[in-house]
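In what follows, a structure is listed as structure tokens, so that the remarks can point back to it.
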Amino acid sequence: MLSQKLSIPKGTRDFDPETVTKRNYIIQSIKTIFEKYGFQPIETPSMENLSVLTGKYGEEGEQLIFKILNSGDFVKEISLSDFELGYKKITQSISEKALRYDLTVPFARYVVMHKNQIIFPFRRYQIQPVWRADRPQKGRYREFYQCDADVIGTESLICEAEIIWMINEAMEQLGIKNHSIKINNRKILSSIVERIGMPGKETDFCVAIDKLEKTGIDSVISELKSKGFTDLAIASLFPILEIKGTPAEKLVALKKQLEKSETGSKGILEIETVLQYVEAGSATISNLEFDLTLARGLHYYTGCIFEIKANDISIGSIGGGGRYDNLTGVFGEPGLSGVGISFGIDRIFDVMQELNLFPQQFKNFATLLICCMDKSSENFCLKLLYHLRKSGINSEMYPDIVKIKKQLEYADRKKIPYALIVGTDEIQSGLLTLKNMQTGVQLRLCESELVKKINDELSHQQI
RNA sequence: GAGGGUGUAGCUCAGCUGGUUAGAGCGCCAGUUUGUGGCACUGGAGGCCGUGGGUUCGGAUCCCAUCACUCUCCCCA
């Protein structure tokens, strides 16, 4: 045992080469789709001024923000009386920066700060880690990546439709076949709350109803009761929640229930329009569900909301988003409407890993290993190495003069498909020994034949 | 914030109701093969049994505390 027990902070992870390669595959796939839809990348700092983040995520979310201790003597500003005012007051004086909690709020800040140079409607994507001081568990980390794409500066519901296409394309590309894309509308939810006579209780309602699928009707009822919903209100909720069928059927039934509500009708029209747009541009998306119980926690959503679920794995949602009418308002720039989607790539990774959806050929990086037999052959090998790399063959050379057994074992373990054995025999004859590690077959070739041979075999494999 | 579970070799774990040198599989190293990997065989290294205390003639095993990890709920990606 080593002298010290090393560890990393709870909820964080080291990634080995294979894992990073797989993650990059996911990121690259999503990035390609974002760009295909005309989204442009931005990046923002890992840390924001604390004041940018506070007041945006509700009380629960606020607790989960990782704050950064001020540098230097941060104690000198604190007086004894500050202590009596509690930790919140102290926090203000010892921490003025924090790690970003999501990508949407920093994006809103970015939009306001750069509004004069941005071309609206602004389509941006952003793929960066975020941090939450949450308690880790399955599928939940304290450091994880989000892949966000948002359009800001238009109210057009075409953007919602495009987001649905993108989700669909991403799931298809990654091979997550059994998934659901859920859509709902916050306006519909508010009008339901209104209709059952509980205005102002929207947040409580959303939080409770969101769990319907997971915990069942009884626990939702008891949660609503505990939040002060009357029996009458709960009873009048049933006809609405019992609406079933295709999205179109649900909309018809819901219309009857909410016809008197202006907000409700507007929400329904929005959903209808989005569905119509989705179909106008492509065939029906069969995984798309209109789910009245979808609520989503973030309180800044005001219109359509989305969620992506992988149905084979119990891991929570693998992505979500929605429309927010006034996100930049808190930064002094009202009237900008936006809509966005966020993919949780760490969860997507877990899902793909469990379902074995990653392509197999990820394991090898180098295509060829030069096994150099003796000190006097080194210079010859180095020259060869240079030429091979220049010819586009990913190559490495075993850096020490050790037994060939050891060098081949190295190639084997790293899944390098070719070994090139070079010693005095090869140098004298000019014929190099190429070994195919999979078949064990060895050939004697000159250098130009070698390059051709490898390129031929590789291109065959890839087809 | 509330509640479970688990800490023994690098990894996955066994070790029953306390009993002498703490085990297995996999992995690692070496050899069988002085220029040939995977397979097989042979040998080897590697453990303050998470930490501290208690009960006992005797503790990996029982009791208490503590720390770490993990899972569920809350909330979220």
Side-chain angles (χ1 to χ4, degrees), chain A residues 1-3 5-13 26 30 57-65 100-104 127-148 203-204 206-208 210-211 214-215 219 223 226 295-299 306-310 313-322 340-351 369 371-374 377 398 401-427 432-442 444:
Chain A
M1 183 86 74
L2 289 168
S3 56
K5 276 188 185 168
L6 296 175
S7 67
I8 55 175
K10 199 187 295 197
T12 65
R13 295 152 298 160
I26 298 174
I30 293 175
Y57 305 109
E59 206 170 322
E60 295 250 10
E62 191 117 354
Q63 304 276 8
L64 303 180
I65 294 172
R100 74 166 98 76
Y101 177 90
D102 69 359
L103 299 178
T104 309
I127 300 174
Q128 288 190 281
V130 303
W131 293 268
R132 295 186 187 176
D134 217 345
R135 211 168 162 152
Q137 50 185 278
K138 190 182 180 190
R140 170 173 306 187
Y141 308 101
R142 298 179 113 179
E143 178 183 57
F144 61 97
Y145 269 76
Q146 287 189 331
C147 295
D148 277 29
T203 308
D204 288 339
C206 287
V207 168
D210 201 38
K211 292 170 204 154
K214 199 172 174 184
T215 62
S219 79
E223 179 167 344
S226 75
R296 294 195 57 77
L298 291 169
H299 60 280
F306 317 100
E307 195 159 283
I308 318 163
K309 285 209 68 179
I313 308 287
S314 128
I315 199 171
S317 68
I318 55 176
I341 179 69
S342 177
F343 289 98
I345 70 155
D346 298 78
R347 284 186 177 177
I348 291 175
F349 181 95
D350 291 347
V351 167
L369 176 76
C371 303
C372 181
M373 299 311 301
D374 48 70
S377 307
Y398 200 91
I401 302 300
V402 294
K403 278 189 271 191
I404 188 168
K405 179 185 169 76
K406 185 137 188 162
Q407 302 193 39
L408 288 174
E409 197 177 300
Y410 174 84
D412 186 45
R413 291 192 58 187
K414 283 189 75 177
K415 305 265 193 295
I416 297 173
Y418 295 98
L420 189 70
I421 300 163
V422 182
T424 44
D425 284 2
E426 281 80 5
I427 293 174
L432 310 167
T433 305
L434 177 69
K435 182 177 179 112
N436 181 322
M437 294 298 287
Q438 223 166 26
T439 61
V441 173
Q442 289 188 189
R444 300 290 304 255

**Message:** For Thr12(A), is there any backbone N or O sitting under 3.5 Å from a side-chain donor or acceptor partner on Arg142(A)?
**Reply:**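 Between the backbone of Thr12(A) and the side chain of Arg142(A) there is no qualifying donor-acceptor contact (under 3.5 Å).
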**Item:** Donor-acceptor under 3.5 Å (Gln407(A) side chain, Val402(A) main chain)
**Value:**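 Checking the backbone N and O of Val402(A) against the side chain of Gln407(A), a donor-acceptor pair under 3.5 Å is found.
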Rounded off to whole Å, could you give me the [atom1]-to-[atom2] distance for the [X] and [N] pair?
X: Leu434(A); N: U36(B); atom1: CG; atom2: C1'; result: 13 Å
X: Lys415(A); N: G38(B); atom1: NZ; atom2: P; result: 13 Å
X: Asp134(A); N: G1(B); atom1: CG; atom2: C1'; result: 12 Å
X: Ile401(A); N: G35(B); atom1: CD1; atom2: C1'; result: 13 Å
X: Gln146(A); N: A77(B); atom1: CD; atom2: C1'; result: 6 Å
X: Glu60(A); N: A2(B); atom1: CD; atom2: C1'; result: 13 Å
X: Asp204(A); N: C74(B); atom1: CG; atom2: P; result: 15 Å
X: Ile416(A); N: G38(B); atom1: CD1; atom2: C1'; result: 15 Å

Which atom pairs, donor and acceptor, lie under 3.5 Å between side-chain atoms of residues 129-137 of chain A and protein residues at least two apart or in another chain?
| residue | atom | partner | partner atom | Å |
| --- | --- | --- | --- | --- |
| Trp131(A) | NE1 | Glu143(A) | OE2 | 2.9 |
| Arg132(A) | NE | Tyr101(A) | O | 3.0 |
| Arg132(A) | NH2 | Tyr101(A) | O | 3.2 |
| Asp134(A) | OD2 | Arg140(A) | NH1 | 3.3 |

**Fill in**
Per nearest nucleotide of RNA chain B, the residue lying toward the 5' end, Asp412(A) or Ala208(A), is Asp412(A)
**5′-ward residue of the pair Thr433(A)/Val207(A) relative to RNA chain B** = Thr433(A)
For the student: nearest non-hydrogen atoms of [X] and [Y], plus distance:
X: Glu426(A); Y: Val422(A); answer: OE1-C, 4.0 Å
X: Arg347(A); Y: Gly139(A); answer: NE-O, 2.8 Å
X: Ala419(A); Y: Met437(A); answer: CB-SD, 3.9 Å

If we take the [atom1] atom in both [N] and [M], what is their distance in whole Å?
N: C16(B); M: G50(B); atom1: P; answer: 14 Å
N: U32(B); M: A68(B); atom1: C1'; answer: 45 Å
N: C74(B); M: G27(B); atom1: C1'; answer: 41 Å
N: G58(B); M: U70(B); atom1: P; answer: 38 Å
N: U42(B); M: C26(B); atom1: P; answer: 12 Å
N: G4(B); M: C76(B); atom1: P; answer: 25 Å
N: U56(B); M: C69(B); atom1: P; answer: 35 Å
N: G15(B); M: G23(B); atom1: C1'; answer: 7 Å

Pairwise side-chain contact, [X] with [Y], heavy-atom cut-off 4.5 Å (strictly under):
X: Ile308(A); Y: Ser317(A); value: no
X: Cys371(A); Y: Leu408(A); value: yes
X: Tyr145(A); Y: Asp346(A); value: yes
X: Tyr57(A); Y: Leu64(A); value: no

**Prompt:** Does the side-chain contact (heavy atoms from CB on, under 4.5 Å) test come out yes or no for Lys414(A) and Leu369(A), once each step is laid out?
**Reply:** CA-CA 10 Å; Lys414(A) 283 189 75 177; Leu369(A) 176 76; over 6 Å; no
**Message:** Is the base of A77(B) stacked against the aromatic ring of Phe144(A), taking ring centres under 5.5 Å apart and planes under 30° as the test?
**Reply:** yes
Sugar-phosphate, base or nothing in reach of [X], heavy atoms under 4.0 Å:
X: Glu426(A); result: base
X: Phe343(A); result: nothing
X: Ile421(A); result: base
X: Asp425(A); result: base
X: Ser317(A); result: sugar-phosphate
X: Val130(A); result: nothing

**Asked** Can you tell which of C75(B), U36(B), C76(B) lies closest to the side chain of Arg132(A)?
**Response** C76(B)
Close N/O contacts between protein and nucleotides 25-34 of chain B (under 3.5 Å):
| residue | atom | partner | partner atom | Å |
| --- | --- | --- | --- | --- |
| G31(B) | OP1 | Lys403(A) | NZ | 3.2 |

**Prompt:** Can you tell me how far CD1 of Ile65(A) sits from CZ of Arg100(A), rounded to the nearest 0.5 angstrom?
**Reply:** 13.5 Å
**Message:** Between the base of U36(B) and the side chain of Gln442(A), is there a donor and acceptor pair under 3.5 angstrom?
**Reply:**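 Between U36(B) and Gln442(A), which were checked side chain against base, a qualifying N/O pair under 3.5 Å is present.
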Shorter than 3.5 Å, N or O on both sides, protein versus nucleotides 70-73 of chain B: list them out with atom names.
| residue | atom | partner | partner atom | Å |
| --- | --- | --- | --- | --- |
| U72(B) | OP2 | Gln137(A) | OE1 | 3.1 |
| U72(B) | OP2 | Lys138(A) | N | 3.3 |

**Asked** Can you name the side chain to side chain contact (heavy atoms under 4.5 Å, CB included) partners of Met373(A), sequence neighbours left out?
**Response**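 Per chain and number, Met373(A) pairs via side chain to side chain contact (heavy atoms under 4.5 Å, CB included) with Ile404(A), Ile421(A).
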**Request:** Not counting sequence neighbours, which residues clear ring-ring contact (aromatic ring centres under 6.0 Å, His included) with Tyr141(A)? List them please.
**Result:**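 So Tyr141(A) forms no ring-ring contact (aromatic ring centres under 6.0 Å, His included) with any residue.
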**Complete:** Per-residue pairing states of RNA chain B in dot-bracket (Watson-Crick or G-U under 3.5 Å; . unpaired, | other strand) read (((((((..((((.....[...)))).(((((.......))))).....(((((..]....))))))))))))....
